[in-house]
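Working notes for the structure below.
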Amino acid sequence: MTATTTDAAPEPGAARVVMVVPNRIEGDSRVQKAAASMAESGWDVHLVGVSVTGEEQHYGQDGYSVHKIPLPKLAPPRTLRRTAAFWAHPLAYATPDKARQRRLRVKIEKTELEARRQERPGIGGRDGLLRPPLVLSRAGRKVQRAWIGRRLAASKARDRFLKREGRLERWDIRWWTALLGDRAWRRLDVGFHRFEIAFRPEILRLEPDLIHVHDAFPLGIAARAADRMRAEGKRVRILYDAHEYVPGHSDGVPLHRQVALTRWERRYMPYADAVVTVSGPLAALLKADHGLAREPAVVLNAPLGAGPARPDPGDIRSDCKLDEDTPLAVYSGWAAPERQIEVMIEAARLVPDLHLAFLISKVRMESAYGKSLVALGEELGVADRLHFRDYVHYADLPRFLSTADMGIHPMRTGSVNHEIALPNKFFEYSHARLPLVVSNVKTMAAEVRRLGNGEVFASGDPASMAEAIRKILADKDAYRRAYADPALLEEYSWEHQARKYTALYEELIGPAPRRGA
């Protein structure tokens, strides 16, 4: 366990706020900014997240305390598909790790046989009794390889079967929801139990006055912990910060988990004393779906404005070693198929001399999708115009990006969450005063058209994106004029948005300790 003290103390007697987030905290700028802003207002802020080191971590950061807790491993739920997989593939190894170990054993035995064939007589020490003739060893290893190979093939077939979704999942869901209603999450996904086992003791130990829940996963955990504290006589309030529309998950989320999370949110939403979210359309959906008495407040995912002075982070153009006349477009953020980053690379082939800079985490670049982006650049002959960089600190990002010619967000249409989103990138590119190229997702495209700060292209269409890029390169200053009004970027700043958090906190737990200081 590691421990340090916070670099700024809360006001004496300040109410304690525990923020809970179902991730490792790094990379979640909204959560980090929220914790720093509320700590700056004088509340005693503690941020509970996930440790990936296997050990608890406790330290201070930007005036608040961080508590990272490792998640326990739990067996997946016993579903119809898992039961069917066992009977359909009885030779499969019990776990993927066991299959990997047997695959390595085959390699070890193969290497050992090769070494024996190449041994020189009379060299080395004496053999023991267990030294069968080489011909017998080769025959034995051949039988072993055939058997292990057959089991490995069965394991691969079993794994492919487990990744499918269809009738078995629908039967599972209907059965458990009929029996348990909104409590069906207990049988559909063990993730809730993993987080509760990890986070609940820490929440109870910290004895919060307010639990600020980021995302749906910690909502029920906070509600159940609050019930425990209230039973012991402590007054505790819950603020639910809905980052996404849970029923709208459609990219890469297993059906069991989507249904479980939807039921989980619906069951525990009534426990929230107030709700806040990230966009107007999402606020309207939450109010309608859950019958809320009032529409949730909206805190946009805006970047920091001027803020305190920070060391010069450099700039993206210099980092890529490009001169001012070289066209440069940037993408900063998560790398996953639903972001359609490959469309940018395909469009670059259609715009001569255009360079693309990607600020993507090293972890994501090591994923299959990240590696596919590099391979695509090489295949299309534009690899020398692609620049992959790691993240920079969220407070430095607009300044770092400001020397590019435009910012691109190629998000796929169709997903409800995509259609209603005003993501971080929209505001970060705006604070960098970059013209924007965005796909025709409903809310973001409408805002770009309203402001005139960029162009909209048809989602997934490289030619349409290339045309939008050429329009911006032809007259970049025309698009930058949208940022001439300082009131726009002030509204799009985190400092402005955080006032809504402050108002909600004061409503729930009393005045900000440093109000008027």
Side-chain angles (χ1 to χ4, degrees), residues 6-11 14-21 25-49 60-66 208-215 237-244 272-280 282-283 294-310 393-399 421-428 430-432 486-517:
T6 57
D7 53 7
E11 292 293 304
R16 174 166 290 180
V17 175
V18 172
M19 296 188 180
V20 189
V21 58
I25 299 172
E26 290 87 357
D28 195 331
S29 61
R30 181 183 179 90
V31 170
Q32 292 173 287
K33 288 181 294 188
S37 296
M38 298 302 97
E40 186 178 1
S41 294
W43 282 293
D44 180 15
V45 177
H46 297 255
L47 179 51
V48 177
Q61 175 176 300
D62 296 333
Y64 58 89
S65 299
V66 175
D209 298 288
L210 172 67
I211 307 176
H212 185 157
V213 179
H214 289 275
D215 269 335
R237 310 300 293 275
I238 296 175
L239 173 62
Y240 175 38
D241 201 329
H243 295 188
E244 294 183 301
D273 298 287
V275 182
V276 63
T277 191
V278 298
S279 75
L282 180 49
R294 65 180 186 183
E295 192 161 290
V298 175
V299 176
L300 299 175
N301 286 325
L304 293 170
R310 291 176 57 85
H393 192 280
Y394 66 82
D396 299 323
L397 189 58
R399 184 159 50 144
L422 271 179
N424 292 18
K425 274 178 282 302
F426 176 86
F427 301 106
E428 289 161 351
S430 295
H431 272 264
L488 173 65
L489 293 184
E490 199 281 328
E491 180 187 353
Y492 281 175
S493 71
W494 181 256
E495 291 82 357
H496 179 89
Q497 295 299 318
R499 295 172 195 161
K500 301 170 189 176
Y501 275 147
T502 301
L504 285 169
Y505 275 38
E506 291 185 332
E507 176 184 323
L508 295 172
I509 55 176
R514 291 185 185 145
R515 171 76 63 149

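We use all heavy atoms of the structure for the numbers below, so side chains are in, but hydrogens, waters and symmetry mates are not.
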Next item on the list: May I ask you to decide if His46's main-chain N or O and Ser65's side chain share a donor-acceptor pair within less than 3.5 Å?
Entry: no
Margin query: For Leu489, is there any backbone N or O sitting under 3.5 Å from a side-chain donor or acceptor partner on His431?
Written below: yes
Checklist line | Partner residues of Val213 under the side-chain contact (heavy atoms from CB on, under 4.5 Å) criterion, sequence neighbours left out | finding: Ile211, Pro218, Leu219, Ala222, Ile238, Tyr240
Supply the atom-to-atom distance [X] [atom1] to [Y] [atom2], rounded to the nearest 0.5 angstrom.
| X | Y | atom1 | atom2 | result |
| --- | --- | --- | --- | --- |
| Ser279 | Asn301 | OG | CG | 9.0 Å |
| Ser41 | Glu506 | OG | CD | 8.0 Å |
| Phe427 | Leu422 | CZ | CG | 4.5 Å |

Closest non-hydrogen atom pair between [X] and [Y], with its separation:
| X | Y | value |
| --- | --- | --- |
| Gly63 | Ala39 | O-CB, 3.5 Å |
| Trp43 | Ala14 | CA-CB, 4.2 Å |
| Met19 | His214 | SD-NE2, 3.5 Å |
| Val298 | Ala283 | CG2-CB, 4.0 Å |
| Thr502 | Ala512 | CG2-CB, 4.3 Å |
| Tyr501 | Val276 | CE2-CG1, 4.0 Å |

Item checked: Positive for side-chain hydrogen bond (donor to acceptor under 3.5 Å, both in side chains) with Tyr505, one of His212, Arg237, Lys500 -> His212
Note to self: Among Asn424, Asp215, Asp241, which residue satisfies the side-chain hydrogen bond (donor to acceptor under 3.5 Å, both in side chains) criterion with Arg30?
What the structure shows: Asp241
Next item on the list: Tell me, please, which residues at least two apart from Tyr394 pass ring pair (Phe, Tyr, Trp, His ring centres under 6.0 Å).
Entry: none
Next item on the list: For Gln497 and Lys33, run side chain to side chain contact (heavy atoms under 4.5 Å, CB included): C-alpha distance rounded to whole Å, both residues' side-chain angles, the deciding distance at 0.1 Å, then the answer.
Entry: CA-CA 11 Å; Gln497 295 299 318; Lys33 288 181 294 188; over 6 Å; no
Notebook entry, point to check: Are Arg499 and Glu490 ion-paired here, with the side-chain N under 4.0 Å from a carboxylate O?
Noted result: yes
With a 4.5 Å cut-off on side-chain heavy atoms, are [Y] and [X] touching?
| X | Y | answer |
| --- | --- | --- |
| Trp494 | Ser37 | yes |
| His243 | Val31 | yes |
| Val20 | Val18 | yes |

Next item on the list: Quickly, which of Leu210, Asp209, Val17 forms a side-chain contact (heavy atoms from CB on, under 4.5 Å) with Leu508? Name it, please.
Entry: Leu210
